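Predicted model, so just to flag it, every value in this text is computed and none were measured.
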Amino acid sequence: MSLSSRSSRSTRSSGSPRRLSRRAVLAGAAATAVTASLATLTGCGGPASSGGGSGTLTAGFDNEPVTLDPALSAAISSDRNVLNLFFDSLLRQRPDGSFQAALATMWEQTDKEVTFTLRGGVKFHDGTDCDAEAVVHNLRRVMDPKTLSTKAAALARVASVGAPDARTVKLQLKSPDPLLLIHLAHEAGMIVSPAALEKHGKDFGRHPVGTGPFTFSEWRSKVQLTAERNDAYWAKASDGSSLPKLGKVVVRFVTDAKVLRTELSTGGVQLVRALPPEEYKQLAGDRRIVLKDSGVRRAYYVALNTTKGPLKDAKVRAAFAQAVDRRAVGKAAAGDEYDLNPSFATTSDWFYDGSIAPLPYDAAAAAQALKDAGLRGEVPLTLVARRRAPDPTIGELLQSQLTAAGFAPKAEVLEFQTQLDRMKKRDFGAALLVIDIPRLDPSLSFDPYFTSNGPNNWSGLEDRALDALLADGAESTDRAGRKKAYADAQRRIVDNNYWVFLHQAKSPLIHSSRLKGIQLDVDGQWRLAEAELGA
């Protein structure tokens, strides 16, 4: 309804709610308030109704989290699959960009502030109240420089956070932030128990306590993680029965893709996070297995260390880029199940620009570029890759291609946490990794990796011009302006060869045909509150 005293629109949970699309958020409206409820989000936090969940889902997971503290999580492409078991965010985002209620039932945004009305009666797994004070504690913790939160940049435009009452949270803004709701629908808006934070301290990431559909039971490193049904979960199914529908979720950490595929075929697991094409193609035609292309792609890349060593020189980075045969890498790693694009953007993304042209493969030109850089003989270089298919295969092929161009690469295949530690310390020359795309907004794809203060700025970039382009892309309320800013940013990344973008392997949702009701975040991460196993 229209409020004449302040230019805003408000929608309440009764009647037919109007939903705010991302386009509306970015249209620069002076104020927007939204309340949304779906069948799965209609609970009020009271005692669980009849029909408690049963059955154990075992999921095969190739990427053991380093921490289950959402404020510190760095593995954007995988951790949320597990975080979603234990935590709820203030709101959720649909694939079409619109938002829906979660811990907040209503929110109102102006250029100067955002006000959230919280769902009543919600408890953390430890029995404490998830109230406004708890939410304020969480947001201030992310904003506090002492926390070293990987999500701090998401709240950079928040000046202060307060709680006028037990169900209201107000964020005062330094400047308009059209992307704030998007960030609060992801890890930056996941709310953890302040009491558990105080109890476990630095070990909270190994003892997650939230308000989500499952409670933490056990974590055996390199083996498995177990989550039990939260009998007091606030959300209800459309028929009023309790969620979650499962009694237990076991996440088994298995890095060997062949083992994962075999376990799925034999029923040892009913869901896998990802399989390379050479493995999942062997499951095609098996009626016991569902392969569904939901549009998710695994975008492989090589981050180049610009802070030290030979790749600090732009001419040497150009030589590296010309030494890499991207198509041969894609073929070796994914057969014919891949796309070849110039950056993280897919052809379906509105910020895609096909005119961006990476340097073409040319080993002779790469060798000449090394000479132009004043380098003679073999150029030493350390390439770090993860011990998980197909990464070692890609690493071996890159090593061969780089050697042919005059580099002397040393490939090191590491456990994931070790690789991340090396990358954070920039103890590498080139680093092979992968992220899941598409993401709903390009800021989620590029800002963490390419802004000077980005939490995943593996390359050590301090490119103020690139920072400005990415800031323009995030701040603009005009779609055409945003597209130009992000196209220019991608072009600058590629032209300076900060990274070499490889291929985008197809990554279907893969699970047993017995498993029903999986929901996905906009970037393909699981939500299992409504999942259930049939006969």
Side-chain angles (χ1 to χ4, degrees), residues 57-66 75-82 220-225 250-286 288-294 296-302 328-339 383-399 411-420 431-437 502-513 515 518 520 523-526:
L57 169 65
T58 303
F61 210 74
D62 63 333
N63 220 33
E64 181 173 7
V66 175
I76 301 171
S77 291
S78 61
D79 284 359
R80 202 179 329 120
N81 289 285
V82 183
R220 295 162 56 197
S221 293
K222 299 183 180 180
V223 181
Q224 68 183 38
L225 179 148
V250 177
V251 181
R252 289 179 51 196
F253 304 122
V254 182
T255 58
D256 190 317
K258 293 184 183 300
V259 172
L260 273 177
R261 190 250 303 161
T262 301
E263 287 287 298
L264 185 63
S265 297
T266 59
V269 302
Q270 296 84 45
L271 173 67
V272 296
R273 190 185 84 84
L275 285 176
E278 66 183 59
E279 297 300 330
Y280 73 66
K281 287 171 70 173
Q282 297 185 51
L283 300 171
D286 188 336
R288 299 170 301 170
I289 308 298
V290 173
L291 296 173
K292 181 180 179 181
D293 187 356
S294 58
V296 175
R297 297 292 183 264
R298 310 211 74 208
Y300 286 86
Y301 65 85
V302 182
V329 171
K331 187 71 173 177
D336 58 355
E337 299 291 312
Y338 72 96
D339 303 322
L383 170 68
V384 296
R386 190 191 159 181
R387 196 184 309 278
R388 172 196 59 185
D391 299 36
T393 298
I394 296 174
E396 290 177 6
L397 184 53
L398 291 175
Q399 188 174 22
E412 297 185 23
V413 179
L414 308 170
E415 296 300 324
F416 183 52
Q417 184 167 349
T418 303
Q419 183 189 18
L420 281 183
L432 170 66
L433 257 181
V434 59
I435 74 166
D436 290 341
I437 55 172
L502 299 175
H503 62 289
Q504 299 177 357
K506 297 178 182 179
S507 184
L509 176 65
I510 308 172
H511 60 86
S512 165
S513 58
L515 180 60
I518 303 173
L520 299 177
D523 49 358
Q525 315 304 311
W526 307 328

With sequence neighbours excluded, residues passing side-chain hydrogen bond (donor to acceptor under 3.5 Å, both in side chains) with S221: R206
Partner residues of R386 under the salt bridge (charged side-chain N to carboxylate O under 4.0 Å, His left out) criterion, sequence neighbours left out: none
Residues in side chain to side chain contact (heavy atoms under 4.5 Å, CB included) contact with E278, at least two apart in sequence or another chain: K258, P276
Listed partners of S78 passing side-chain hydrogen bond (donor to acceptor under 3.5 Å, both in side chains), at least two apart: N63
Residues in side chain to side chain contact (heavy atoms under 4.5 Å, CB included) contact with A334, at least two apart in sequence or another chain: P277, Y338, H503, A505
Side chain to side chain contact (heavy atoms under 4.5 Å, CB included) against V254, all qualifying residues, sequence neighbours excluded: R252, V259, L260
Non-neighbouring partners of F416 that pass ring-ring contact (aromatic ring centres under 6.0 Å, His included), sequence neighbours left out: none
Pairing residues for K292 by the salt bridge (charged side-chain N to carboxylate O under 4.0 Å, His left out) criterion, not counting sequence neighbours: none
Partners passing salt bridge (charged side-chain N to carboxylate O under 4.0 Å, His left out) against E415 (at least two apart in sequence or in another chain): R387
By side-chain hydrogen bond (donor to acceptor under 3.5 Å, both in side chains) - contacts of D339 (at least two apart): R297
Under the salt bridge (charged side-chain N to carboxylate O under 4.0 Å, His left out) test, residues paired with D436 that sit two or more places apart: R273, R298
With sequence neighbours excluded, residues passing side chain to side chain contact (heavy atoms under 4.5 Å, CB included) with A431: V384, M423, F428
